[in-house]
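Presented below is the structure to which this report refers.
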Amino acid sequence: MSSSLRGCLLAGAVGDALGGSIEFDRIDRIRDRFGPAGLTDYAPAYGRLGAITDDTQMTLFTLEGLVLARRRGSDPLHEVRVAYGRWLRTQGGPEVAPDGWLLDVPALHQLRAPGNTCLTALRSGVLGTVDAPINDSKGCGAVMRAAPVALWSDDVREVFMLAAATGALTHGHPSGYLSAGVLAVVVRRLLDGAELTDAIDVARDELQRWHGHEEQLVLLDLAVEMGTRGVRPTPEVIETALGGGWVGEEALAIAVLTALAAESTADGLLLAVNHSGDSDSTGALCGNLLGARDGVEAIPEHWLSGLELADVVDRLVAEAAEVFGR
């Protein structure tokens, strides 16, 4: 099993769990709770330490859909859409046909602040597409679940198209679904052993082929410039320059900045969550990037051992490694 593949999904889940306890806190509140350095370890959330949120839940269902599509030779977009229906069932949605095995994991049947856009879009039964958007939302709910799409193909154009299409199922604004395309391509290239800056360059080239890319491109370029200038970003600088991460282009930009500026995987995850914004999503995305680059060995063991559903992540990653030949 590829260390980088495990790292991508497990570091993403760790970042999600770190950020989940401070997701709705401003940085002054975070410092009041944990000291001048902010959060430095898991804090209680949802009745435990190391609790994942809807970000990791939906990422797992994305991966399950892709695994089933590859096994069956079926349409990956269809399988991911059906998988999201199973996730919706875990959140109190309508009955669905059983498939895969995630639906049988009791711990996934918990509400972990699921995004209203995802819930509303999936409950509608309407199939959102890039050409026929279901809404005008650009929330980060599309990008935060997109990393597994990197596995689908060695062709970065195909990866971008599929990731954007899975994002458009629920988020109709270009900055919502194009951020998903960028993330998946960067992860794809990192899994292939590329440097982070080179992987971003490849994704940037693909991004510019799409209508409505300008907003995402501006923030992506700013994040790269900030992340490579050699100055450690503060939470205040992150918020002023890139926003809070509640929307797709901001969440991706914060993840890119913190991954580039990080001294280590652990350092990057803490940089990504300590700000006045959507800490679990930015932590998850930064984790996807650094985990794919540095491998599972770079994740502190005490975070892995305390991570909720780490065994579920590992089991699904093992299945993915088998069917995708990684």
Side-chain angles (χ1 to χ4, degrees), residues 2 4-5 7-9 11-12 15 59 62-63 66 76-77 80 130 138 140-168 171 173-228 242-243 245 247-262 268 272 281-282 284-294 324 326:
S2 166
S4 58
L5 177 55
C8 176
L9 274 296
T59 299
T62 300
L63 183 54
L66 295 172
L77 182 60
V80 170
V130 170
K138 60 174 181 174
C140 68
V143 63
M144 56 83 164
R145 65 189 194 226
V149 183
L151 293 172
W152 185 253
S153 173
D154 292 330
D155 183 339
V156 294
R157 191 157 302 171
E158 186 175 357
V159 166
F160 196 111
M161 291 178 64
L162 179 57
T166 63
H171 291 69
H173 191 287
S175 293
Y177 58 76
L178 293 182
S179 56
V182 172
L183 177 75
V185 169
V186 175
V187 171
R188 171 74 256 175
R189 294 297 297 126
L190 291 173
L191 293 175
D192 290 335
E195 295 293 328
L196 180 53
T197 51
D198 293 338
I200 294 169
D201 285 343
V202 172
R204 186 182 187 278
D205 289 343
E206 291 303 315
L207 171 65
Q208 292 182 89
R209 300 177 185 274
W210 289 71
H211 174 73
H213 69 267
E214 293 81 6
E215 188 173 50
Q216 176 65 88
L217 182 63
V218 167
L219 273 197
L220 181 63
D221 286 348
L222 178 58
V224 172
E225 189 276 324
M226 292 173 63
T228 55
L242 302 178
V247 293
E249 75 275 15
E250 293 179 2
L252 179 62
I254 292 171
V256 166
L257 165 60
T258 53
L260 287 169
S281 295
T282 55
L285 297 177
C286 181
N288 292 149
L289 298 177
L290 291 178
R293 186 191 70 181
D294 299 336
F324 290 106
R326 297 199 63 82

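Throughout, residue positions are numbered sequentially from 1 according to the sequence presented.
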Review point. Where do Trp210 and Met161 land on the side-chain contact (heavy atoms from CB on, under 4.5 Å) test, with the steps shown first?
Key: CA-CA 10 Å; Trp210 289 71; Met161 291 178 64; 3.8 Å; yes
Revision key, fill the gap. Here the pair of heavy atoms bringing Val187 nearest to Ala292 is CG1-CB, 4.3 Å
Check your understanding: Can you name the residues that form a side chain to side chain contact (heavy atoms under 4.5 Å, CB included) with Ala261, not counting sequence neighbours?
Key -> Pro233, Leu271
Exercise for review: Keeping to residues at least two apart or across chains, list the salt bridge (Lys or Arg N to Asp or Glu O under 4.0 Å) pairs with something in residues 193-205.
Suggested key: Arg204-Asp221
Side-chain donor-acceptor pairs of residues 251-259 under 3.5 Å, sequence neighbours excluded:
| from | atom 1 | to | atom 2 | distance (Å) |
| --- | --- | --- | --- | --- |
| Thr258 | OG1 | Ile254 | O | 2.8 |
| Thr258 | OG1 | Ala255 | O | 3.2 |

Point to revise | Exam field: side chain Asp192 to backbone Ala194, donor-acceptor pair closer than 3.5 Å | key: no
Point to revise | CA sep, side-chain torsions, deciding dist, call: Leu66, Phe324, side-chain contact (heavy atoms from CB on, under 4.5 Å) | key: CA-CA 10 Å; Leu66 295 172; Phe324 290 106; 4.1 Å; yes
Point to revise | Under the side chain to side chain contact (heavy atoms under 4.5 Å, CB included) test, residues paired with Ser281 that sit two or more places apart | key: Asp55, Cys140, Met144, Asp278
Point to revise | Atom of Gly176, atom of Ser179 and distance for their closest heavy-atom approach | key: O-OG, 2.8 Å
Practice item. Would you name the heavy atoms of Pro174 and Gly212 that are closest together and state the gap between them? Key: CB-O, 3.5 Å
Practice item. Could you please spell out the steps behind the side-chain contact (heavy atoms from CB on, under 4.5 Å) verdict for Leu190 and Arg293? Key: CA-CA 5 Å; Leu190 291 173; Arg293 186 191 70 181; 4.1 Å; yes
Exercise for review: Starting at CG of Leu290, measure out to CG of Leu285 and round the result to the nearest 0.5 Å.
Suggested key: 11.0 Å
Point to revise | Between NE2 on residue His213 and NE2 on residue His211, distance to nearest 0.5 Å | key: 10.0 Å
Revision key, fill the gap. Residues passing the side chain to side chain contact (heavy atoms under 4.5 Å, CB included) test with Val156, sequence neighbours excluded, are Val185, Arg188, Arg189, Val202, Glu206
**Study point:** Contacts of Ser175 that satisfy side chain to side chain contact (heavy atoms under 4.5 Å, CB included) - sequence neighbours left out
**Key:** Lys138, His173, Glu215, Glu249
Review point. Can you find a heavy atom in the side chain of Leu183 that is under 4.5 Å from one in the side chain of Leu289?
Key: yes
**Study point:** Flag, side chain of Asn288 to backbone of Cys8, donor-acceptor distance under 3.5 Å
**Key:** yes
Exercise for review: First locate atom CE of Met226, then atom CG of Leu219, and finally report the distance between them rounded to the nearest 0.5 Å.
Suggested key: 10.0 Å
Revision key, fill the gap. Nearest heavy-atom approach of Ala223 to Leu260 is O-CD1, 4.2 Å
Check your understanding: Is the closest side-chain heavy-atom distance between Val80 and Val149 below 4.5 Å?
Key -> no
Exercise for review: Please name the pair of heavy atoms, one in Gly291 and one in Ala11, separated by the smallest distance, quoted to 0.1 Å.
Suggested key: CA-CB, 3.9 Å
Practice item. Kindly give the heavy-atom pair with the smallest separation between Ala164 and Val130, and that separation in Å. Key: O-CG2, 4.3 Å
Practice item. Kindly compute the distance separating CD (Gln208) from CD (Glu214), expressed to the nearest 0.5 Å. Key: 9.0 Å
Check your understanding: How many angstroms lie between atom OG1 of Thr228 and atom CD1 of Ile200, to the nearest 0.5 angstrom?
Key -> 9.0 Å
Review point. Run the side-chain contact (heavy atoms from CB on, under 4.5 Å) check on Phe160 and Leu207 step by step: do they pass?
Key: CA-CA 8 Å; Phe160 196 111; Leu207 171 65; 4.2 Å; yes
Practice item. State which residues pass salt bridge (Lys or Arg N to Asp or Glu O under 4.0 Å) with Glu158; sequence neighbours excluded, sorted by chain then number. Key: none
